[in-house]
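The residues of the chain are indexed from 1 along the displayed sequence. Any value given below was found using the heavy atoms of this structure, including those in side chains, with hydrogens, waters and symmetry copies removed.
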Amino acid sequence: MTKGIVYLVGAGPGDPKLITVKGLECIQKADVLVYDRLANPKLLQYARPDAELIYCGKLPNNHTLRQEVINELLAVKALEGKIVTRLKGGDPFVFGRGGEEAEVLVQHGVAFEIVPGVTSGIAAPAYAGIPVTHREYASSFAIVTGHTDDLEESEARWQALATGIDTIAFYMGMSKLPFICDQLIRYGRDPETPVAIIAWGTTAKQQVAVGTLGNIVKHPDLEKLIHPAIILVGEVVRLRERLDWLTPEALLEMM
């Protein structure tokens, strides 16, 4: 039997129009489409009528399929000779577990291709009117996971983030927001540094709260900003006042 292939595809940050042309082609030709919670369901309409659709979405404390099961599923389907498209929110190699899935495919001798996607750490700020870099405000940008224990143990990392990076995007960090703010201040960041929290960025459900490292945890709308959300720290957040372009009419068009 001829071996199949797996396409590890970034679905983009939420707005279905932000998927790449190649990513869309991979959806259209798939025999099996394995998709997660953060891939916009509107993209499923481009799948073939006879394609097998497998949902493997994850909430912080509720995984439809464990990652190890997903890894093996991709390999098994490809070894059956099928074209498998693994559709992942954002970019498969930016906190998307794409590297782990690719490693398992290598172990099984399965051919694969990586199709990058637009990651939310850049796109969500853009839809909130915030450029992550700017000649006058920020010449460096970092993407950091906010939900691993590593953050709590690394003084050197916090020192580098607090004093060496202009703009920081924390993924999956809402449960540790007070800790993140406290650590950045502790290691040298000005408490008046602007912070934006962007929930469901680039979608019709997008919500934004703006404050500072010193006061964002007391923002009155904080409880409304549910996962997924990006915590963006840096002077570039000030530009939102001038560059916020996403009108209510534009949001309606995204529904």
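- Under the 4.5 Å side-chain heavy-atom criterion for ILVMFWY residues, no single connected hydrophobic cluster contains both Met174 and Phe95.
- Checked for salt-bridge contact, Lys77 and Asp31 miss the test: no charged N lies under 4.0 Å from a carboxylate O.
- For the residue pair His134 and Arg238, no side-chain donor N or O sits within less than 3.5 Å of a side-chain acceptor on the partner.
- Residues Leu225 and Ile230 are members of separate hydrophobic clusters, defined by side-chain heavy-atom contacts under 4.5 angstrom among Ile, Leu, Val, Met, Phe, Trp and Tyr.
- The environment of CD in Gln45 is crowded: more than 12 heavy-atom neighbours from other residues, nucleotides or ligands sit within 6.0 Å.
- Atom CG of Leu73 and atom SG of Cys56 lie 7.5 Å apart (nearest 0.5 Å).
- Under the 4.5 Å side-chain criterion, counting only non-hydrogen atoms from C-beta, Lys29 is in contact with Tyr7.
- Judged by distance alone, with hydrogens and angles left aside, the side-chain atoms of Asp221 form no donor-acceptor pair with the main-chain N or O of Lys224 at under 3.5 Å.
- A distance-only check finds no donor-acceptor pair linking the side chain of Thr85 to the backbone of Leu87 [under 3.5 Å].
- Of all non-hydrogen atoms in Gln206 and Ala124, the two that sit nearest each other are OE1-O, 4.5 Å.
- The shortest side-chain heavy-atom distance between Asp190 and Thr193 falls under the 4.5 Å cut-off.
- Between the side chain of Arg189 and the backbone N or O of Leu161 there is at least one donor-acceptor pair closer than 3.5 Å.
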Working note: Phe141 + Val236, criterion side-chain contact (heavy atoms from CB on, under 4.5 Å); need CA distance, chi angles, decisive distance, verdict.
CA-CA 11 Å; Phe141 171 56; Val236 290; over 6 Å; no
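- Side-chain contact between Val9 and Ile27: absent, with no pair of heavy atoms (C-beta onward) separated by less than 4.5 Å.
- No donor-acceptor pair closer than 3.5 Å links the side chain of Asn40 to the backbone N or O of Ala11.
- For the atom pair CD (Glu235) and CD1 (Ile130), the distance works out to 12.0 Å, reported to the nearest 0.5 Å.
- Of the N and O atoms on the side chains of Thr212 and Asn215, at least one donor lies less than 3.5 Å from an acceptor on the other residue.
- Ionic pairing of Asp244 and Arg240 is present here: one or more N-O contacts between side-chain nitrogen and carboxylate oxygen are shorter than 4.0 angstrom.
- Hydrophobic clustering (side-chain heavy atoms under 4.5 Å, transitive across Ile, Leu, Val, Met, Phe, Trp, Tyr) groups Ile216 together with Ile168.
- Residue-environment remark: CD (Glu68) exceeds the threshold of 12 foreign heavy atoms within 6.0 Å.
- At a threshold of 4.5 Å between non-hydrogen side-chain atoms, the residues Pro92 and Arg86 do not count as touching.
- Closest approach of Val132 to Thr167, counting heavy atoms only: O-OG1, 2.8 Å.
- Looking only at side-chain heavy atoms (C-beta outward), Trp200 and Ile226 come within less than 4.5 Å of each other.
- When the side chains of ILVMFWY residues are joined at heavy-atom separations under 4.5 Å, either directly or via intervening members, Val34 and Leu38 end up in two distinct hydrophobic clusters.
- When all heavy atoms of Ala78 and Val84 are compared, the pair lying nearest together is N-CG2, 3.8 Å.
- Glu103 places none of its side-chain heavy atoms less than 4.5 Å from the side chain of Val106.
- Cluster annotation: Leu243 is connected to Tyr137 through the hydrophobic network of ILVMFWY side chains, with a link wherever side-chain heavy atoms come within less than 4.5 Å.
- Distance alone, capped at 3.5 Å, places no donor-acceptor pair between the Thr133 side chain and the Ser139 backbone.
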Starting from the C-alpha separation in whole Å, work towards a yes-or-no answer on side-chain contact (heavy atoms from CB on, under 4.5 Å) for Leu74 and Leu105.
CA-CA 8 Å; Leu74 299 176; Leu105 297 175; 4.2 Å; yes
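- Gln28 meets the side-chain hydrogen bond (donor to acceptor under 3.5 Å, both in side chains) test with no other residue; sequence neighbours excluded.
- Asp15 and Tyr127 share a donor-acceptor pair across their side chains, judged by distance under 3.5 Å alone.
- Taking 4.5 Å as the limit, some side-chain heavy atom of Leu213 sits within range of a side-chain heavy atom of Val233.
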Verify side-chain contact (heavy atoms from CB on, under 4.5 Å) between Lys82 and Glu52, making sure each step is shown before the conclusion.
CA-CA 10 Å; Lys82 296 177 179 177; Glu52 180 182 4; 4.1 Å; yes
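- Distance check, rounded to the nearest 0.5 Å: NZ of Lys42 to CD1 of Ile19 gives 14.0 Å.
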Walk me through it: do Val32 and Ile54 pass the test side-chain contact (heavy atoms from CB on, under 4.5 Å)?
CA-CA 7 Å; Val32 182; Ile54 301 174; 3.9 Å; yes
List the atom pairs, donor and acceptor, that lie under 3.5 Å between side-chain atoms in residues 107-122 and the rest of the protein, sequence neighbours left out.
residue : atom : partner : partner atom : Å
His108  : NE2  : Glu72   : OE1          : 3.1
Glu113  : OE1  : Lys22   : NZ           : 3.4
Thr119  : OG1  : Tyr171  : OH           : 2.5

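- Shortest non-hydrogen contact noted between Tyr187 and Ala162 is O-CB, 3.4 Å.
- Distance alone, capped at 3.5 Å, is enough to place a donor-acceptor pair between the Trp245 side chain and the Ala126 backbone.
- Distance check: Gln207 CD to Leu222 CG gives 11.0 Å after rounding to the nearest 0.5 Å.
- Scanning both residues, Glu101 and Leu8, for their nearest heavy atoms gives OE1-CD2, 3.5 Å.
- Of the possible donor and acceptor atoms, one in the side chain of Ser140 sits under 3.5 Å from a partner among the backbone N and O of Asp166.
- Expressed to the nearest 0.5 Å, how far CD of Gln183 lies from CD of Gln159 amounts to 11.0 Å.
- In terms of heavy-atom proximity, Arg37 sits nearest to Tyr55 at CB-OH, 3.4 Å.
- Taking the six-membered ring wherever Trp is involved, the centroid distance between the rings of Phe179 and Trp158 falls below 6.0 Å.
- Side chain of Lys88 to backbone of Gly96: a donor-acceptor contact under 3.5 angstrom is found.
- A heavy-atom distance below 4.5 Å is found between the side chains of Ile197 and Leu177.
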